[in-house]
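Hydrogens, waters and symmetry mates are skipped; everything else that's a heavy atom, side chains included, is used. To find a chain, count down the sequence lines: A is the first, B the second, and so on, and within it residues start at 1. Remember, predicted model here, so these are calculated numbers, not experimental data.
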2 protein chains.
Amino acid sequence: MSEPASGETLLYLTDEQLRQGIEAVFFAYRSFTADPDRILATLAYGRAHHRAIHFIARAPGTTVNNLLEILGVTKQSLNRVLRTLVEDGLVESKVGTSDRRERHLYLTDEGLVLERRLSDAQRARMRAAYRQAGPEAVAGFRTVLEAMMDPEIRRKYNVLREGAP
Amino acid sequence: MSEPASGETLLYLTDEQLRQGIEAVFFAYRSFTADPDRILATLAYGRAHHRAIHFIARAPGTTVNNLLEILGVTKQSLNRVLRTLVEDGLVESKVGTSDRRERHLYLTDEGLVLERRLSDAQRARMRAAYRQAGPEAVAGFRTVLEAMMDPEIRRKYNVLREGAP
DNA sequence: CACAATACGTCAGCTTTGTTGACATTCCAA
DNA sequence: TTGGAATGTCAACAAAGCTGACGTATTGTG
């Protein structure tokens, strides 16, 4: 490079590029949640239920506290969602054996069916996008997303990845 | 692997890879909104206000209907937000000259100040992530995000890009 | 011109999902 | 054994989305 970056002249770091990136995230996220949302709407459930179901499927036997950390909401908020899921027979809450204060969460067979429906819908979109973009783009996609995360959140993300490889 | 690609064995398209991508989007989005959220919380505003401010800044003079399309919410919902912003002197709503039914939206000087604060915070995170990931990763990031969007939403996204390059 | 369509605003009421505060239960360590 | 920390539940409230109905001003059309 002849012009030696007088601070911030790298093309992909201009304010306009960053702004476009921000908008891309905003719009992509809308589409990203649209498919599960459509399914959930027919069931009187919302995104919060989806998130709980997703992470219980991902880490069966997880405790409420654990789930709380991952989801980043208050326990009261999660509890409401969890209660309806338990009442509806999608989630089972088992008292911990070593520590009886803890509740360990599992999907029932019915819960697994819904999880499958939701995640199939969401994966279908991701698969189409990934295939269209190609493996190198996907690698870059993941790299930037991980760089965007707060360190604490990235830690949780990585724990999940390592837990179920 | 001796088994050749029998349809879907491409490594980056496995269900586990897709699931990780989904979780990456989820976690990254949380961090993505965290910085503006912190600022907004001190002002009795929420994410909805931020979105309105962002897109008015992006396309000054946009009409209410236009903003509605971009944000994908109902006019009642947007109106609530817009009303407070106008009352607080951050947004100005001008009757259209050619079509007097329309209201054209502009940020006031005060609105521009807040917009700047919010967008600086969000861009700082994006800039750090972009710089850390490098230009090729950023290109892939954008490619996948665009591929994830619904066609109709991608259209709106592109209109914005072309409008202010 | 009369009238339908469009753009915007508003009222009322409901849902989802977040919040804080108060409280019960359980465990553990001093 | 007892008091504090951890875990989970109940209650009440707030933000922000939604539908439906309606009013007003303006525009465009038959």
Donor-acceptor pair present, A:R101 side chain and C:dT25 base, under 3.5 Å: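 Per atom types, no contact qualifies.
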
B:Q76 (side chain) and C:dG13 (base): donor-acceptor pair under 3.5 Å: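 No, the side chain and the base share no sub-3.5 Å donor-acceptor pair.
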
Would you say a side-chain N or O of [X] is under 4.0 Å from OP1 or OP2 of [N]?
X	N	result
A:R51	C:dG18	yes
A:H49	C:dT17	yes
B:T74	D:dC18	yes

Position toward the 5' end of DNA chain C (nearest nucleotide), A:R47 or A:D99: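 Nearer the 5' end of the strand: A:R47.
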
Residue mapping more 5' on DNA chain C - nearest nucleotide basis, A:S77 or A:A44: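 First, find each residue's nearest nucleotide; the 5'-ward one identifies A:A44.
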
From [atom1] of [X] over to [atom2] of [N], roughly how many Å is that when rounded to an integer?
X	N	atom1	atom2	answer
B:L68	C:dC8	CG	C1'	10 Å
A:N65	D:dA5	CG	P	16 Å
A:K75	D:dA11	NZ	P	15 Å
A:Y45	C:dT16	OH	P	11 Å
B:N79	C:dA7	CG	P	16 Å
A:L67	D:dG8	CG	P	10 Å
B:R80	C:dG9	CZ	C1'	14 Å
B:E102	D:dT24	CD	C1'	16 Å

Any donor-acceptor N/O pair, A:R100 side chain to A:S98 backbone, under 3.5 Å: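 Not a single qualifying donor-acceptor pair exists.
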
Single hit among A:Q122, A:R125, A:R123 for side chain to side chain contact (heavy atoms under 4.5 Å, CB included) with A:D35: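 For A:D35, the side chain to side chain contact (heavy atoms under 4.5 Å, CB included) check succeeds only for A:R125.
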
Residue pair A:R131 / B:Y12: nearest heavy atoms and the distance that separates them: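 Heavy-atom minimum between the residues: CA-OH, 3.7 Å.
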
Sugar-phosphate, base or nothing in reach of A:S98, heavy atoms under 4.0 Å: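 Touches nothing.
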
Touch class at under 4.0 angstrom, heavy-atom based, for A:G96 against every strand present: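 A:G96: no heavy atom of the nucleic acid under 4.0 Å.
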
Mutual orientation of the aromatic rings belonging to A:H50 and A:H54 [parallel < 30°, tilted 30-60°, perpendicular > 60°]: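 Geometry flag for A:H54 against A:H50: perpendicular rings.
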
NZ or CZ of B:K94 within 45° of B:Y106 ring axis and under 6.0 Å: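 Positive - B:K94 is close enough to the ring of B:Y106 and near enough to its axis.
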
Nearest-neighbour nucleotide for the A:R83 side chain, D:dC18, C:dG9, D:dC10 considered: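 Per side-chain heavy atoms of A:R83, the pick is D:dC10.
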
